[in-house]
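Here the structure comes first, spelled out in structure tokens, and everything after it is commentary.
These numbers were taken from a predicted model, which means no experiment stands behind them. These numbers come from the heavy atoms of this one structure, side chains and all, not from hydrogens, waters or symmetry mates.
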Amino acid sequence: AADQGNEEACLTLASMYRNGEGSPRDPTAALKFFQQAAENGNPEAANELGVMYLAGEGTFPDESASAYWFQRAMELEEQRLADL
């Protein structure tokens, strides 16, 4: 399901890679799957990307990318709440 871009599957897999649950810890893979989930509309994944870019986890630290993903997380959450 994650290979097909399912946001929940991507979020779960990203968390597993980030925390080393069920596989060795792999922040680069976590970043990839968080990005897939965020691009499919998941605000939690977008927020996690903001954290990872800020800390340089799985990538070089990038304050600009971090700010983008934190902003995107807020936008996605607002959309989700408006759809309730």
Side-chain angles (χ1 to χ4, degrees):
D3 292 338
Q4 297 171 353
N6 177 286
E7 71 174 86
E8 289 299 322
C10 287
L11 182 64
T12 299
L13 194 54
S15 295
M16 292 175 71
Y17 277 124
R18 187 174 187 199
N19 299 316
E21 298 169 2
S23 69
R25 190 173 181 284
D26 188 343
T28 303
L31 194 75
K32 171 189 164 188
F33 285 106
F34 277 132
Q35 185 153 352
Q36 282 184 353
E39 288 172 352
N40 285 311
N42 189 289
E44 183 180 345
N47 188 70
E48 292 300 323
L49 281 171
V51 171
M52 291 183 77
Y53 275 107
L54 188 61
E57 187 179 349
T59 186
F60 291 104
D62 186 335
E63 289 183 15
S64 177
S66 177
Y68 169 80
W69 285 111
F70 284 137
Q71 178 64 36
R72 187 70 183 129
M74 290 189 318
E75 292 167 356
L76 290 169
E77 186 62 26
E78 286 175 357
Q79 286 175 343
R80 183 175 280 182
L81 292 172
D83 291 341
L84 293 180

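- The two residues Pro43 and Gly41 have their closest heavy-atom pair at CD-O, 3.2 Å.
- At a threshold of 4.5 Å between non-hydrogen side-chain atoms, the residues Asn47 and Phe70 count as touching.
- Nearest heavy atoms, Ala37 versus Cys10: CB-CB, 3.8 Å.
- Closest heavy-atom contact between Trp69 and Gly50: CB-N, 3.6 Å.
- Nearest heavy atoms, Ala38 versus Ala45: N-CB, 3.6 Å.
- Sorted by first then second residue, the salt bridge (charged side-chain N to carboxylate O under 4.0 Å, His left out) pairs that include residues 46-55, not counting sequence neighbours, are Arg18-Glu48.
- Hydrophobic cluster membership differs between Leu76 and Tyr53, with clusters built from Ile, Leu, Val, Met, Phe, Trp and Tyr side chains linked at under 4.5 angstrom.
- Side chains of Phe33 and Gln36 form a contact here, defined as non-hydrogen atoms less than 4.5 Å apart.
- Atom OH in Tyr68 sits 10.0 Å away from atom CG in Leu49 (nearest 0.5 Å).
- Using a 4.5 Å heavy-atom threshold, the side chains of Asn40 and Glu8 count as separate.
- Taken from CG in Leu13 to NZ in Lys32, the straight-line distance is 8.5 Å, to the nearest 0.5 Å.
- When side chains are defined from C-beta on, Glu57 does not count as touching Leu31, because their heavy atoms never get closer than 4.5 Å.
- When the shell of 6.0 Å around CD of Glu63 is examined, it contains 12 or fewer heavy atoms from other residues, nucleotides or ligands.
- We find the OG1-CE distance between Thr28 and Met52 to be 7.5 Å, quoted to the nearest 0.5 Å.
- With a 4.5 Å cut-off between side-chain heavy atoms of Ile, Leu, Val, Met, Phe, Trp and Tyr, the cluster of Leu84 takes in Leu81.
- In the hydrophobic clustering, Phe60 connects to no other residue, as no ILVMFWY side-chain heavy atoms lie under 4.5 Å from its own.
- Residue Tyr17 holds its OH atom at 12.5 Å from OG1 of Thr12, rounded to the nearest 0.5 Å.
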Full working for side chain to side chain donor-acceptor pair (under 3.5 Å) between Glu39 and Gln35: CA-CA 6 Å; Glu39 288 172 352; Gln35 185 153 352; 3.0 Å; yes
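- Side-chain contact between Met74 and Glu77 is absent, with no heavy atoms from C-beta onward closer than 4.5 Å.
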